[in-house]
Amino acid sequence: HYPKHVNTTDQLVDRHVREGRGDNVAVHFEDETITYEELQERVNRMGNALRDLGVESGDRVLVRFPNRPEPLITCLAVQKIGGVAMPSMKLLRAKELRYIVNNAEATTIVVYDDLLDEVDEALPDLDTVEDVVVAERNGIEHDHHGYDELTDAASPELEAADTERDDLALMLYTSGTTGRPKGAIHTHRQMLATADTYARYCLEPTEEDVFGGNPPLPFAYGFGDLVTFPLRFGASTSLTQDASPGDLLESVENHGITVLCSIPTAFNQMLAKFPDGPEEYDVSSLRVGMSAGEPLTPTTFEQFREEYGIKLLDGIGTTEMLHIFVSHHHEGEVDPTATGFPVPGYECKIIDPDTGEECDRGEPGMLAVRGPTGIEYWNRPEKQDDAVEDGWSFPGDIFAQREDGRLEYKSRADDLIVSSGYNIPGPEVEAVVEEHEDVAEVAVVGAPHEQRGEIVKAFVVTADGVTGDDELVEEIQNHVKNTLAPYKYPRAVEFVSELPRTETGKIRRKELRE
Ligand code: 3SK
């Protein structure tokens with residue numbers, strides 16, 4: 001429950017200064033540390049600069065940066081003056097920016113100079129944009145406003161706007177598997193609620209914690225992990241720009257990261273790059289890891305525990321739900337073969353898509369979720385109607401609920417392979433193929449087949465020094481047949497040098513299917 005009038009930035013920044021935590025470190029970035037008091041001043045200057053440009057309550061502001069302090073400061077500033085922050089993925093091209101900015105009717109763009117090209121290319125078609133503010137960090141020439149010039153000239157004093165809890169604060173565009181991107185909208189209340197449910201109960205953060213990792217800030221997962229969660233609890237965030245596995249470990253050592261946030265691909269890269277563990281780095285500060293974005297396999301969980309000494313808490317969330325709604329509630333209860341329980345504050349049920357009735361325990365069906373966040377799109381009523389029914393959101397995942405209440409991930413609704421009438425969840429087969437010592441990475445999808453409708457096909461990246469040949473295909477197939485119901489074995493195996501991935505690390509299954 002939140003008061004009717006609440007402002008996220010007031011809660012994430014100003015409250016700590018008011019309550020005597022102004023000297024706590026809020027942000028670590030490279031060699032720089034920013035205390036809560038300094039963060040407040042920088043946010044205030046940016047908020048005033050935006051107001052001076054004419055940004056008003058409710059206006060949408062596109063924010064385009066790698067993971068560094070400026071996007072965090074800008075989003076908090078936009079929210080403090082009652083606007084709606086729209087962090088956008090770095091790799092978006094002019095065509096995508098055109099659609100997003102025009103759909104959102106954004107008035108202002110704040111951009112890292114190295115990402116300006118695509119903005120400039122799109123700009124003549126951006127109907128509502130009045131100002132572009134450029135953070136000059138790489139000496140790139142431009143004819144827009146300069147971030148430092150505007151903020152240096154602006155006042156360091158700013159009262160938070162009198163926003164209401166259900167006013168919009170954040171909009172994140174998500175492409176999903178098909179169609180035009182959709183703006184997932186979130187209010188001040190919902191942003192705080194992700195911290196007060198998942199983070200509070202599953203991570204139990206304290207002021208001493210340092211959250212760090214490499215999910216991009218425009219990814220809902222990254223925004224929660226690296227902005228909302230640490231700042232809600234007066235803790236610190238460690239930002240690492242364009243982090244490779246080595247960069248991330250350097251940040252763990254230098255900034256004393258305690259909560260490591262990432263995705264399975266990156267955890268696997270860390271394991272592959274440092275097969276004997278992170279010996280070159282001091283990672284003794286770590287206390288827990290968070291994993292989301294893709295299902296975490298038991299193999300990765302076990303290897304990471306062995307090499308890094310921490311358990312990874314797997315969780316499932318979506319951009320629309322803003323953060324994780326199913327996870328184990330603490331590391332002590334983790335069973336790596338399941339995703340976990342509904343996060344405190346959320347309820348889940350499993351629905352048979354054919355009958356609309358609740359499934360029996362153990363039976364797979366569509367996951368429905370209800371809680372303090374829910375699916376809501378900007379101006380797309382037709383998508384809204386597909387995704388929400390009687391207050392229950394349908395994120396599009398297939399789960400089964402075990403007798404003990406744990407929820408077991410099966411697949412995305414569109415990753416279910418239907419072969420000779422059998423429903424086969426691709427990720428379940430992936431987890432088994434990945435157990436083979438000669439396999440580094442794998443993605444399993446359905447391939448069209450005349451007699452069977454579809455067959456299970458595995459795209460495999462072999463471990464370093466291993467050649468993919470017929471013998472290995474047979475070994476992989478036998479391993480699956482011996483571990484799962486034999487109809488789930490991959491009838492086709494193709495060796496590839498890498499898997500196609502999205503900017504947030506998700507495998508592009510659609511591309512593999514095609
Ligand atoms: O992809 C996920 O699992 C996720 C988790 C938390 C927040 C947002 C997303 C998309």
Side-chain angles (χ1 to χ4, degrees), residues 67 75 85-89 169-177 181-186 190-203 211 213-230 232 259-267 288-297 300-301 312-328 338-343 345-346 348 367 369 371-377 387 393-399 407-415 427 430 501-509:
N67 282 14
C75 290
M86 287 176 48
S88 83
M89 295 303 273
L170 185 70
M171 167 140 74
L172 299 167
Y173 274 80
T174 170
S175 289
T177 45
K182 304 180 285 290
I185 52 180
H186 302 291
Q190 289 168 333
M191 283 189 58
L192 296 172
T194 58
D196 292 337
T197 54
Y198 170 72
R200 186 179 296 279
Y201 293 105
C202 301
L203 303 172
F211 285 69
N214 53 4
L217 295 184
F219 182 22
Y221 179 53
F223 201 89
D225 301 352
L226 300 174
V227 181
T228 321
F229 297 173
R232 180 65 169 157
V259 184
L260 182 63
C261 318
S262 200
I263 58 172
T265 321
F267 290 124
V288 69
M290 290 170 58
S291 180
E294 288 269 296
L296 181 73
T297 62
T300 306
F301 175 88
L312 299 178
L313 267 187
D314 190 15
I316 181 149
T318 63
T319 303
E320 290 87 337
M321 296 295 295
L322 190 52
H323 218 277
I324 290 174
F325 48 83
V326 174
S327 167
H328 285 99
T339 310
F341 300 96
V343 161
Y346 288 85
C348 292
L367 178 71
V369 194
T373 61
I375 302 178
E376 198 170 347
Y377 294 116
S393 293
F394 286 77
D397 296 291
I398 307 283
F399 270 83
L407 288 150
E408 194 180 307
Y409 179 75
K410 295 293 179 186
S411 65
R412 287 286 302 162
D414 43 20
D415 290 341
E430 277 164 16
R501 291 188 180 275
T502 65
E503 212 183 333
T504 59
K506 292 185 202 286
I507 297 168
R508 291 184 190 277
R509 291 170 205 280

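All ligand and atom numbering here is 1-based and tracks the order in the structure.
Proximity to G293 (heavy-atom distance under 4.0 Å) selects the following atoms of ligand 1: 1 (O), 2 (C), 3 (O). Atom numbering of ligand 1 starts at 1 in the shown order; those under 4.0 Å from a heavy atom of K506 are 1 (O), 2 (C).
Of all protein heavy atoms, the one lying nearest to atom 2 (C) of ligand 1 is G317 O, 3.1 Å. Atom 10 (C) of ligand 1 has its closest protein heavy atom at F219 CE1, 3.3 Å.
Looking at L322 against ligand 1, only its backbone comes within 4.0 Å, counting heavy atoms. When heavy-atom distances to ligand 1 are checked against a 4.0 Å cut-off, M321 has no atom that comes that close, whether in backbone or side chain.
Counting only distance, with no hydrogens or angles, the side chain of D314 and the backbone of P295 share no donor-acceptor pair below 3.5 Å.
Below 30°, between 30° and 60°, or above 60°: for H323 and Y221 the angle between ring planes is between 30° and 60°, a tilted geometry.
Once rounded to the nearest 0.5 Å, the distance linking CD1 of I316 with CZ of R412 reads 7.0 Å. Remark: N214 CG to T504 OG1 distance equals 11.5 Å, nearest 0.5 Å.
One side chain, T373 or Y346, offers a donor N or O that lies under 3.5 Å from an acceptor on the other.
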